Peer 1: 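Once you've had a glance at the structure underneath, I'll fire off some questions.
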Amino acid sequence: MHVLLIEDDDLVASGLEAGLELHHCTVDRVRTSREARGALAQFGCDVVILDLGLPDGDGMDLLSSWRQQGVATPVLILTARDAVQDRVRGLKAGADDYVLKPFELDELAARLNALVRRAAGRAAPEVHHGELTVRPDAGQVLLRGEPVSLSRREFALLEKLINGRGALLTEDQLKDGLYGMDSGVESNALNVHIYHLRRKLYRDVVVTERGLGYRLGPPPEPLTGAGS
Ligand code: CA
């Protein structure tokens with residue numbers, strides 16, 4: 001999942017970035033409301049982690065303005081402000097969750113996954129595509145019951161396709177999900193990940209719509225016959 005982290009404290013931010021990458025996330029980090037507006041508009045993301053005390057304003061105001069503009073991306077407020085009235089204000093401003101610092105990374109990651117899952121219209125933590133099973137929380141993929149080892153980027157690519165549920169995704173949308181704001185990605189890097197995903201799973205897992213983009217293909221063919 002692609003996370004936009006809005007946090008001005010470098011120590012908190014670097015800890016979060018490292019921790020969330022271990023939880024199979026692509027993390028873009030910004031320090032101010034202004035940077036956050038630009039990043040969300042340009043790159044998008046699956047979920048936002050929002051600190052409230054930002055150098056150029058209150059995160060609550062940023063959230064309110066996003067919601068007024070119709071931005072529906074799930075937002076988790078991560079703050080030291082523990083007063084009940086702050087929590088209520090945050091949720092009323094359009095936050096989807098409110099977590100206090102200090103926090104447990106595992107719990108935070110689980111909450112982020114739950115938000116993304118709900119935003120994608122799923123209640124169950126597992127996604128089944130025929131005999132392909134994806135467990136975003138655990139970063140696991142099973143093909144016909146057998147675990148398949150994917151790199152972080154391959155997993156991010158598969159997750160993006162699965163969450164798209166067959167919708168056409170442009171090359172830029174996929175790259176944003178895999179690399180976030182890391183520009184300077186070589187143009188064939190995405191192709192390399194697609195190649196590996198097809199090789200490790202099955203050829204039609206990614207369908208190329210020439211000149212348009214990519215989408216999730218049909219589920220894997222069931223194996224016929226036993227003992228072969
Ligand atoms: Ca702060």
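The model shown is predicted, which means the values in this text are computed figures rather than measured ones.
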Peer 1: List the atom of Asp97, the atom of Arg111, and the distance in Å for their closest heavy-atom pair.
Peer 2: OD2-NH1, 2.9 Å
Peer 1: Closer than 4.0 angstrom, basic N to acidic O: yes or no for Lys175 and Glu171?
Peer 2: yes
Peer 1: Give me the atom names and distance for the closest heavy-atom approach of Val207 to Pro218.
Peer 2: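 Of all heavy-atom pairs spanning Val207 and Pro218, the closest is CG2-CD, 4.3 Å.
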Peer 1: Quick one: do Trp66 and Leu40 satisfy side-chain contact (heavy atoms from CB on, under 4.5 Å)? Show the steps, please.
Peer 2: CA-CA 10 Å; Trp66 271 337; Leu40 192 70; 3.5 Å; yes
Peer 1: For Tyr202, what residues pass the ring pair (Phe, Tyr, Trp, His ring centres under 6.0 Å) criterion, not counting sequence neighbours?
Peer 2: none
Peer 1: At what distance, to the nearest 0.5 angstrom, does CG of Leu100 lie from CZ of Arg87?
Peer 2: 5.0 Å
Peer 1: Is there a side-chain contact between Arg117 and Pro125, using heavy atoms and a 4.5 Å cut-off?
Peer 2: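 Heavy-atom side-chain distance check passes, below 4.5 Å.
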Peer 1: Look at Asp8 together with Arg34 and state whether they make a salt bridge at an N to O cut-off of under 4.0 Å.
Peer 2: no
Peer 1: Distance from His23 atom NE2 to Leu20 atom CG, nearest 0.5 Å?
Peer 2: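 Going from NE2 on His23 over to CG on Leu20, the span is 7.5 Å.
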Peer 1: Working to the nearest 0.5 angstrom, can you tell me the gap between Asp61 CG and Leu63 CG?
Peer 2: 9.5 Å
Peer 1: Do the side-chain N and O atoms of Ser14 and Arg29 include a donor-acceptor pair separated by under 3.5 angstrom?
Peer 2: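 The answer is no; no qualifying pair exists.
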Peer 1: State which residue, out of Thr79, Asp51, Asp9, fulfils the side-chain hydrogen bond (donor to acceptor under 3.5 Å, both in side chains) condition with Lys101.
Peer 2: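 One option only clears the test, and that one is Asp51.
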Peer 1: Output the distance between atom CG (Leu150) and atom CD (Glu159), rounded to the nearest 0.5 Å.
Peer 2: 11.0 Å
Peer 1: Looking just at side-chain N and O atoms, do Asp176 and His2 make a donor-acceptor pair shorter than 3.5 Å?
Peer 2: no
Peer 1: Before giving the answer on salt bridge (Lys or Arg N to Asp or Glu O under 4.0 Å), spell out for Arg215 and Glu209 the whole-Å C-alpha distance, their side-chain angles and the decisive distance to 0.1 Å.
Peer 2: CA-CA 8 Å; Arg215 60 183 173 77; Glu209 303 281 4; 2.6 Å; yes
Peer 1: Roughly how far, to the nearest 0.5 Å, is NZ of Lys92 from OG of Ser64?
Peer 2: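 It is 12.5 Å, given to the nearest 0.5 Å.
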Peer 1: Under the salt bridge (Lys or Arg N to Asp or Glu O under 4.0 Å) rule, what do Arg31 and Asp56 come out as? Steps first, then yes or no, please.
Peer 2: CA-CA 9 Å; Arg31 292 175 175 78; Asp56 60 345; over 6 Å; no
Peer 1: Can we say Arg81 and Asp58 salt-bridge, meaning some charged N sits less than 4.0 Å from an Asp/Glu carboxylate O?
Peer 2: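 Result for this pair is yes, salt bridge flagged.
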Peer 1: To the nearest 0.5 angstrom, please state how far the CG atom of Leu158 sits from the CG atom of Leu197.
Peer 2: 5.5 Å
